[in-house]
K.L.:
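Encoded as C-alpha cells, here's the structure I'll be asking about.
Proteins get letters first, then strands, A, B, ... in listed order; numbering begins at 1 in each.
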2 protein chains.
Amino acid sequence: MLSKKSQYAFKALTYLTERFNDGPVLISEIAKKKKIPLKFLENILLELKKAGILDSKKGKGGGYFLNKSPEKIKVATVIRLINGPIAMLPCVSLYFYERCKNCNEKHCGLHDMMIEVRDATLNIVENRTLKDLIV
Amino acid sequence: MLSKKSQYAFKALTYLTERFNDGPVLISEIAKKKKIPLKFLENILLELKKAGILDSKKGKGGGYFLNKSPEKIKVATVIRLINGPIAMLPCVSLYFYERCKNCNEKHCGLHDMMIEVRDATLNIVENRTLKDLIV
DNA sequence: TTTTAAGTCCACCGAGTTGGTAGAGTAATC
DNA sequence: GATTACTCTACCAACTCGGTGGACTTAAAA
C-alpha cells in the first residue's frame, strides 16, 4: 500500500499539474482544495522540491509549481521518492536492491514470481506521467 | 514491499511444502533450516494455523504441517493474511476497501491506474500456489 | 502415572515509521 | 520596513515491526 504521504503527494501533484503555467500556487490553497493537513503538506512539497520535481518562489505571489512539464514526470519516480521500493522483495528491486540472505536467487520460486509482479507493475507506472493522472 | 514477517512466512511455507506428507515438522527445525528467529516464527506459524492454512500436533512427534495440499494454497491468500492489502490504494482494494475521501473514484486518474496495477498483480498472485514456489 | 517433548499464549520491549503540529527563520516583494 | 510565503528544526503521539521471555497446556512415551 502507498502511505498517506504518497497519496497526499499525488493529490498535490495532480493539482499542480492542473494549474501548470498558472504560476506559483500557495501551499495553503493546495491544502484547502485537496484537504491535506497544511504542515504535513509543507514537508511533502519540500521533499518534492529537493528531488527536483517541484520548484518554489518565496514572498508575495509565491508558491509551488512543477519544475518540468507534467508529461516528463513519471509516476514511478514519485512512488520511489515518497514511498520507496516498488518491488515486493528487496532481492527483486531495481533501485533498492539487497541480496537475499537465505535463497540463492537462482532457484527460488518466490523470487521468480516477484520479478514477474515487479515487471507487470513497472510496465504501468514507468509509462505513466502526471499528465496521465488528470482526466 | 512485503514485511520481513511475510518473507519469513513464505520461507516457512515453502519448507513445509517440501516436507508435505512427511508428517509434522518441528518449529525449531524450520527456524534452523530457514534461519528464522525461533520465537518470531512461532507467532507466524500460529497465525497461519488460526487462518486454517496450517495445522499442528502437540507432544512428542508433533510439529506443524500444511492443512491442505500445496496446490490449494494461493500466494495471494498468504500475502493478504500476513502482509495486508495487495492493492496500492485503499479505494482500489478488493479485500480491504475504503472509500476515497477526496476523489469520487469515477474521475480520478490515479484510481484508474492503480486498478490496472492491482489487476496485473492479482493476475499473477491469484494464480500461483505454494506448489509453484518450489523449483 | 510421571516425565518430557512440543506447541500455545500473552505480555512486553526497543527502534523506527507515520501522520501531524509549533514556531522561529529567511527571502522576496511592495 | 512591513508583509507574504516558503524553509527549517524540533517535537509529538500512535502505531508497526522485529523480536524476547516465560508460564501454561497437551499428548505421547516410559
K.L.:
How would you label the contact of Leu45(B) with the nucleic acid (heavy atoms, under 4.0 Å): base, sugar-phosphate, or nothing?
P.N.:
nothing
K.L.:
Of the options dG7(C), dT8(C), dG22(D), whose atoms approach the side-chain atoms of Lys49(B) most closely?
P.N.:
dT8(C)
K.L.:
Hey, does Leu26(B) reach any base, or is it just sugar-phosphate, or nothing, if we go heavy atoms under 4.0 Å?
P.N.:
sugar-phosphate
K.L.:
Using the side-chain heavy atoms of Lys50(B), tell me which of these nucleotides is nearest: dC6(D), dC9(C), dG7(C).
P.N.:
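Taking heavy atoms from C-beta onward, the closest nucleotide is dC9(C).
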K.L.:
I'd like to know whether the aromatic ring centres of Phe65(A) and Phe20(A) sit less than 6.0 Å apart in this structure.
P.N.:
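That pair fails the under 6.0 Å test.
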K.L.:
Any idea which heavy atoms bring Leu122(B) and Arg80(B) closest together, and the distance?
P.N.:
CD2-NH2, 3.4 Å
K.L.:
For dA27(C), does OP1 or OP2 lie under 4.0 Å from any side-chain N or O of Lys60(A)?
P.N.:
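Result: no.
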K.L.:
For residues Thr129(A) and Ile73(A), determine if any side-chain heavy atom of one lies less than 4.5 Å from a side-chain heavy atom of the other.
P.N.:
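Not touching, per the 4.5 Å side-chain cut-off.
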K.L.:
Is any N or O donor-acceptor pair between the side chain of Glu42(B) and the base of dC9(C) shorter than 3.5 Å?
P.N.:
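Yes, a donor-acceptor pair under 3.5 Å.
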K.L.:
Pro37(A) has a side chain; which of dG19(C), dA28(C), dG20(C) sits nearest to it?
P.N.:
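Among the listed nucleotides, the one closest to the side chain of Pro37(A) is dG20(C).
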K.L.:
By nearest atom, which of the nucleotides dT21(C), dC8(D), dC30(C) is closest to the Leu46(A) side chain?
P.N.:
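Nearest to the side-chain atoms of Leu46(A), counting from C-beta on, is dC8(D).
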K.L.:
On DNA chain D, check which nucleotide each of Gly62(A) and Asn43(A) is closest to and give me the residue with the more 5' one.
P.N.:
Gly62(A)
K.L.:
Looking only at side-chain N and O atoms, does Lys4(A) come under 4.0 Å of OP1 or OP2 in dG20(C)?
P.N.:
no
K.L.:
I want to confirm an ordering. Mapping Lys58(A) and Ser3(A) to their closest nucleotides on DNA chain C, which one lands closer to the 5' end?
P.N.:
Ser3(A)
K.L.:
Report the nucleotide, chosen from dC6(D), dA22(C), dG18(D), that has the shortest atom-to-atom distance to any side-chain atom of Lys39(A).
P.N.:
dA22(C)
K.L.:
In the structure I gave you, are the side-chain heavy atoms of Glu42(B) and Lys39(B) within less than 4.5 Å of one another anywhere?
P.N.:
yes
K.L.:
The side chain of Tyr8(B) lies closest to which of these nucleotides: dT21(C), dG19(D), dC30(C)?
P.N.:
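Within the option list, the nearest is dG19(D).
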K.L.:
I'd like to check Lys68(B) versus Ile53(B) (side-chain heavy atoms, cut-off strictly below 4.5 Å). Are they in contact?
P.N.:
no
K.L.:
Would you mind telling me which residue lines up with the more 5' stretch of DNA chain D, Lys5(B) or Gly63(A), judged by nearest nucleotide?
P.N.:
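Checking each residue's closest nucleotide, the 5'-ward one belongs to Gly63(A).
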